[in-house]
Amino acid sequence: MDKPGPSKPKLEPPDCLPSTSKITDADREFWDNLVEFVSDEEEITLDRLLEDSDFSGNEQDVEDRDVELQLHNFAAPEIVVDSIEEQEAPPETVNDALSRLLNEFKRAPISEAEGPPAKKASIGRIFDEGNADADPIRVPENRLVRAKVGTATEKAPDPHDIAAAQTFGGYMALKKAKLRHQVNGEEPHDGLTSNIFSGISVFVNGYTEPPALIIRELMTVHGGEYHCYYEHGRTTYVIASSLASVKVDKLRQGEIFIKPEWITDSIARGYALPHIDYVVNEKDRYAKGTLQRFFAQSKEDKEKPKNPAPNRDTVDARDPDFIFQYYARSRLHLISTLAQDMKDFVADLKSRRSPESETIDLRDLGRFVTSERRPKEDFIFHVDLDCFFVSVALRSRPECRGKPVAITHSKGVVSNSMSEIASCSYEARACGVKNGMLVKDALEQCSRLVFLPYQFEDYTEVSKIIYTILSRYTLDLRAVSCDEMYLNCTELCRKFSITDPKKLAEHMRTEIREKTGCPASVGIGPTSLIARLATRRAKPDGVYWVPKLNIADFIAKEKIRDIPGIGYQSLDKIKSFFGDTERCSELQAHSLETLEPLLGKKVAQKLYNQCRGIEEDPPGFWEIQQRKSVSCDINYGIRFTEQKEAMQLLSGIGFELERKLNRCKMLAGNVTLKLLVRSADAPVQTAKFMGHGRCDAHTKSAVLPMSTNNAKLIITEIVKLYNKIAPLVEDLRGVGVQCSKLKSADRQAMSSAVAEMFKPTSQRKPLQLAGRPKKDEERKRKRHFYGEDGDEDMLMRMEDFNRPHKTSPPLKNRHICEHEGMRNRLEPPRSNQPLAPPAWMPKCTKDIAFGSQSSLNGVTDDEGIEAEFEKILIEEPTRESVVLVARFFCTTARLGNLQSLTNHSRTLLSLVGHRRTSHAAWFQAAHLILNEADAVCAEYYGAPMMLVDSLEHLNFGRYD
DNA sequence: ATCCTCCCCTAC
DNA sequence: TAAGGTAGGGGAGGAT
Ligand SMILES: Nc1ccn([C@H]2C[C@H](O)[C@@H](COP(=O)(O)OP(=O)(O)OP(=O)(O)O)O2)c(=O)n1
Ligand SMILES: [Mg+2]
């Protein structure tokens with residue numbers, strides 16, 4: 001077991017946690033509808049809103065319906081199912097326009113370097129700490145007792161709400177009813193042992209253990225239903241022990257096959273478990289656990305027939321499954337993804353909705369004020385859901401309210417679990433339990449701790465709802481995370497003459513509570529710093545306002561550790577230098593000069609201001625922020641024995657990055673690879689199952705040959721970096737890749753940046769590959785997971801991911817790119833083409849095998865290559881020499897040396913342009929070759945580079 | 001000076 | 001068993 005390095009705890013006792021999820025089409029639809037429904041509430045501004053948002057109430061087309069069905073199955077059993085059903089009744093106008101726009105907003109100028117300088121000789125070290133132990137700060141303490149502006153008290157008996165309730169679309173009304181129902185809980189009916197399967201129905205497929213008879217009994221007795229036949233859209237799950245008679249990929253969309261253990265385990269646990277870990281799939285033939293399955297499988301990977309074809313050095317077994325399986329269970333991935341999605345959502349609204357069109361009517365909150373004598377004071381709101389994950393869980397488990405509860409993967413059976421707690425209730429916090437703690441540590445603090453499972457889909461839904469709700473108050477909104485945001489309500493309050501911002505906060509809280517069933521707390525202050533600190537006092541379920549005048553008193557009592565930006569390490573430095581220091585007041589005694597060497601210039605200056613409460617929000621705080629990087633990290637479950645497996649992972653990461661880059665319409669100019677490698681003295685067996693343990697971090701970065709969003713290009717680059725670091729595969733514990741120096745990919749039709757270097761000289765659309773075939777069942781299913789709204793190309797790619805990967809040779813059949821319009825005066829008129837192909841014509845483009853490096857007759861330097869060209873071109877072309885030159889260009893293209901490719905193309909065309917420098921037949925051969933190379937570009941980078949065309953203006957041509 | 005690479009830290 | 005992601009701010013020290 002690797003114990004926390006006895007050395008200084010380098011690692012912050014993790015605070016962090018993620019989960020999964022992406023916004024799928026289905027989700028977007030849902031969201032769109034939601035926005036619409038919410039808008040319905042305010043009739044006054046509905047029209048405006050519709051206009052602003054381009055809500056046109058389109059007809060839902062067939063595909064939309066499909067998508068909706070998916071949501072049906074994807075989303076949380078109870079709530080969403082109901083809401084969707086309800087949704088189908090009303091006019092349910094779905095607008096793909098918004099959907100599409102939702103994606104578009106994400107592009108914008110970018111970039112500019114960001115990394116700071118200098119390399120260190122040493123490598124970073126990742127310590128494998130216990131977990132939360134070290135962080136004593138975030139203790140919830142008795143904040144419970146803190147003053148709060150009572151929630152229930154000044155409710156909002158406004159006629160406003162009542163009216164709203166009346167006019168509200170069926171969706172929300174239904175949801176509310178449902179929530180109430182859940183919150184109140186249901187008593188089991190007569191004859192029922194429990195109702196844990198309420199609303200769930202199963203159909204048993206084939207022989208199972210326990211047998212169908214028993215399953216029927218179990219389901220019935222526990223409040224569920226047993227279906228003798230599978231009813232599409234009605235039966236929740238199909239229970240099956242094996243796949244003997246089931247072809248997994250033949251499953252109709254929405255059918256979920258799970259193992260019978262799900263029933264027995266759920267009964268044992270006392271509630272319906274998430275089905276994810278019980279899904280029956282292909283791999284169940286091999287092993288048991290999911291991760292083990294992956295590894296077992298990769299070891300004996302025979303199912304991916306290596307197609308040793310042409311491009312040998314591309315990894316062909318890119319099993320996306322590992323990454324997806326992992327993401328599907330990673331809370332940290334989920335919250336990261338959600339945070340990004342929320343930012344995107346807000347950015348989209350800001351970019352399309354005019355600022356002066358507020359969408360909510362708060363006149364009832366305001367006052368008739370005779371004179372505006374109140375000093376101008378800003379009202380920054382910080383809204384944060386109380387123990388988010390727990391609150392979601394408690395909606396359907398009212399019996400757990402008031403108990404110490406924690407959300408974790410651990411089923412709580414063992415007392416030494418290394419599983420992390422994502423979120424814990426305030427009762428648990430009272431015992432010293434903290435978010436991010438290990439279960440085993442938490443149990444030491446609180447032995448009666450109750451463990452509940454994750455509900456990823458519900459977090460996603462609640463998150464969207466709160467953003468939808470609050471964005472109607474104001475668009476001066478800054479998304480922080482899935483459950484947290486800042487709102488600048490200064491204008492809003494002025495507009496409605498609201499003098500007591502707490503009233504507004506209560507209004508928000510009430511709306512959130514009603515529509516999500518989750519309590520939110522609000523901190524208010526003149527700056528985001530104060531608002532945020534105020535939230536801690538507001539929690540749980542309260543409001544706390546720090547007027548400008550009270551800042552000094554307020555901040556003095558705040559803990560240093562609670563200052564945003566000051567974490568475990570910084571506090572440690574402060575404490576070790578000043579002695580025990582806890583409150584801001586103590587810190588105020590120290591000069592900026594003392595702080596600086598300790599924390600660095602920026603942090604010191606900031607903290608200096610913060611601990612005095614005088615730190616202002618940075619300019620641009622309320623503006624749309626440009627993304628600066630896109631990354632993908634996997635530091636869990638990595639245990640390889642062969643290099644090939646590492647390559648597979650790099651490949652999977654490459655494709656994931658491509659997906660993400662496409663999603664935000666960005667191109668990367670730089671990639672950074674970070675490997676976690678077991679520290680020399682760390683045990684091979686980690687404390688946490690499949691965890692990374694104590695590691696050294698190795699980082700290397702590279703400038704891409706050109707900005708790209710292309711997986712293959714990224715992969716070739718990170719493979720190179722990997723080989724530079726060259727870790728022992730057995731010791732590899734984590735892999736992360738970050739793309740930086742981002743640029744907008746806004747070259748409309750262009751799915752890749754290939755064309756960025758060239759202003760296309762013709763208006764012909766260069767991209768042939770982007771728009772491809774149509775979707776089939778399988779693809780729709782995928783869409784669910786990859787959530788690439790309408791990005792067909794992406795979906796295709798992800799499918800490729802699954803296949804054995806045909807190593808589709810770029811050159812295959814491509815034979816002289818017949819792009820119409822590719823001809824120009826450079827190309828000999830067709831009529832002049834010899835009837836029979838010239839002798840030098842390679843029989844088949846396959847003959848042009850790829851080389852592993854771009855060399856010509858062994859020469860690799862530019863001058864040398866030019867010299868080779870001259871020698872070769874002066875002779876009459878032969879099949880051999882043509883293949884030789886073609887191989888050089890195609891390899892260069894494939895390796896991504898695109899700049900070099902362009903230069904050499906130029907040289908080639910220049911040489912074949914004159915009798916003096918080349919044999920006449922090379923003119924045609926050269927164009928053939930460049931078209932071939934262009935095909936490679938198209939294949940690899942999504943668009944041809946127009947190697948011939950782009951040089952057109954140079955006026956090359958054979959005039960002799 | 002300013003940029004770049006390889007870090008470290010923080011936050012959810 | 002367990003699912004330790006991801007983005008941004010910032011700094012040291014070498015390269016330019
Ligand atoms: N180490 C962490 C911290 C947070 N989260 C997830 C679960 C939390 O519910 C959610 C929101 O984080 P918060 O910091 O807002 O914490 P909570 O909402 O749980 O509690 P509160 O905001 O009331 O302090 O993020 C996580 O998975 N792991
Ligand atoms: Mg919270």
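Here is the naming used below: chain letters follow the sequence lines, and residue numbers restart at 1 for every chain. Just the heavy atoms: all of them, side chains too, but no hydrogens, waters or symmetry mates, feed the values below.
Within 4.0 Å (heavy atoms only), A/Arg532 reaches sugar-phosphate atoms of the nucleic acid but no base atom. In this structure, A/Ile563 reaches the sugar-phosphate backbone alone: every heavy-atom distance under 4.0 Å involves primed, P, OP1 or OP2 atoms, never a base. A/Lys601 comes within contact range of the sugar-phosphate backbone alone, with a heavy-atom separation under 4.0 Å but no base atom that close. Residue-level contact check: A/Leu676 touches neither bases nor backbone, having no heavy atom under 4.0 Å from any strand. Heavy atoms of A/Val630 sit under 4.0 angstrom from primed sugar atoms or phosphate atoms, though from no base atom. Across all strands shown, A/Cys482 has no heavy atoms under 4.0 Å from either base or sugar-phosphate atoms. A/Gly691 comes within 4.0 angstrom of a nucleotide base, judged by non-hydrogen atoms across all strands.
Judged by distance alone, the side chains of A/Asp384 and A/Thr535 never bring a donor and an acceptor atom under 3.5 Å apart.
At whole-Å resolution of the value, CD in A/Gln610 and C1' in B/dT10 are 12 Å apart. Atom-to-atom, OH of A/Tyr486 to C1' of B/dC12 comes out at 11 Å; the value is rounded to the nearest Å. A/Asp341 places its CG atom 14 Å from the C1' atom of B/dC12, with the value rounded to the nearest Å. We find that CZ of A/Arg536 is positioned 8 Å from P of B/dC12, with the value rounded to whole Å. Protein atom CD of A/Gln455 is 17 Å distant from nucleotide atom P of C/dA3, rounded to whole Å. As a whole-Å value, the separation of A/Met342 CE from C/dG5 P is 21 Å. What separates CG of A/Asp344 from C1' of C/dT6 is a distance of 14 Å, to the nearest Å. Distance NZ (A/Lys602) to P (C/dG10): 4 Å, rounded to an integer number of Å.
Contact between the side-chain N/O atoms of A/Lys688 and the OP1/OP2 oxygens of C/dA3 is found at a separation under 4.0 Å. The side chain of A/Ser570 places no N or O atom within less than 4.0 Å of a non-bridging phosphate oxygen (OP1 or OP2) of B/dC9. Under 4.0 angstrom from either OP1 or OP2 of C/dA2 there lies no side-chain N or O belonging to A/Arg329. When the side-chain nitrogen and oxygen atoms of A/Ser631 are compared with OP1 and OP2 of C/dA7, one or more of them lie within a distance under 4.0 Å. Not one side-chain nitrogen or oxygen of A/Lys606 sits closer than 4.0 Å to the OP1 or OP2 atom of C/dG9. Considering only side-chain N and O atoms, A/Tyr326 lies under 4.0 angstrom from the phosphate OP1 or OP2 of C/dG5. Put simply, A/Ser417 has a side-chain N or O that comes within less than 4.0 Å of OP1 or OP2 on C/dA2. Phosphate proximity of B/dC7 to A/Lys674: absent, as no side-chain N or O sits under 4.0 Å from OP1 or OP2. Between A/Lys660 and C/dA7 there is a side-chain polar atom (N or O) within less than 4.0 angstrom of OP1 or OP2.
With respect to A/Arg678 and A/Asp696, no salt bridge is recorded, no charged nitrogen being found less than 4.0 Å from a carboxylate O.
Nearest nucleotide to the side chain of A/Asp483, out of C/dA7, B/dC12, B/dC9: B/dC12. Relative to the side chain of A/Ser419, the nucleotides B/dC7, C/dG4, C/dA2 differ in distance, and C/dA2 lies closest. You'll find that the side chain of A/Arg561 is closest to B/dA11, out of B/dC12, B/dA11, C/dG10. Checking B/dT10, B/dC12, C/dA7 against every side-chain atom of A/Val480, the shortest atom distance belongs to B/dC12. For A/Phe689, whose side chain is taken as the heavy atoms from C-beta onward, the closest listed nucleotide among C/dA2, C/dG5, C/dG4 is C/dA2. Checked against C/dA7, C/dG9, B/dC9, the side chain of A/Gln340 finds its nearest nucleotide in C/dA7. Here the side chain of A/Gln569 is nearest to one of B/dC6, B/dT10, C/dT6, namely B/dT10. Comparing B/dC6, C/dA7, C/dA3 by their closest approach to the side chain of A/Ser701 singles out B/dC6. Side-chain proximity of A/Ser629 to the nucleotides C/dA7, B/dC6, C/dA2 is greatest for C/dA7. Listed candidates were C/dG5, C/dG8, B/dC12. Nearest to the side chain of A/Glu484 is B/dC12.
Mapped onto DNA chain C by nearest heavy atom, A/Ile634 and A/Gln625 fall at different nucleotides, with A/Ile634 at the one closer to the 5' end. Heavy-atom nearest nucleotides on DNA chain C were determined for A/Asn635 and for A/Ser410, and the one closer to the 5' end corresponds to A/Ser410.
Every residue was checked against the salt bridge (Lys or Arg N to Asp or Glu O under 4.0 Å) condition with A/Lys724, not counting sequence neighbours, and none meets it.
Ring geometry, A/Tyr486 versus A/His382: the interplanar angle falls from 30° to 60°, so the pair is classed tilted.
Judged by distance alone, the side chain of A/Arg536 and the main-chain N or O of A/Arg532 form no donor-acceptor pair under 3.5 Å.
Stacking between A/His409 and C/dA3 is absent: the aromatic ring centre is not both under 5.5 angstrom from the base six-membered ring centre and within 30 degrees in plane angle.
Here the options are A/Val405, A/Val439, A/Leu438, the test is side chain to side chain contact (heavy atoms under 4.5 Å, CB included), and the partner is A/Ile421; only A/Val439 passes.
Counting all heavy atoms, side chain and backbone alike, A/Ser415 lies closest to A/Leu443 at CA-CD1, 3.7 Å.
Figure legend: A/Arg329 and A/Tyr454 shown without cation-pi pairing, the cationic atom not lying both under 6.0 angstrom from the six-membered ring centre and within 45 degrees of its axis.
Counting atom types as modelled, A/Asn435 pairs no side-chain N or O with a base atom of B/dA11 as donor and acceptor under 3.5 Å.
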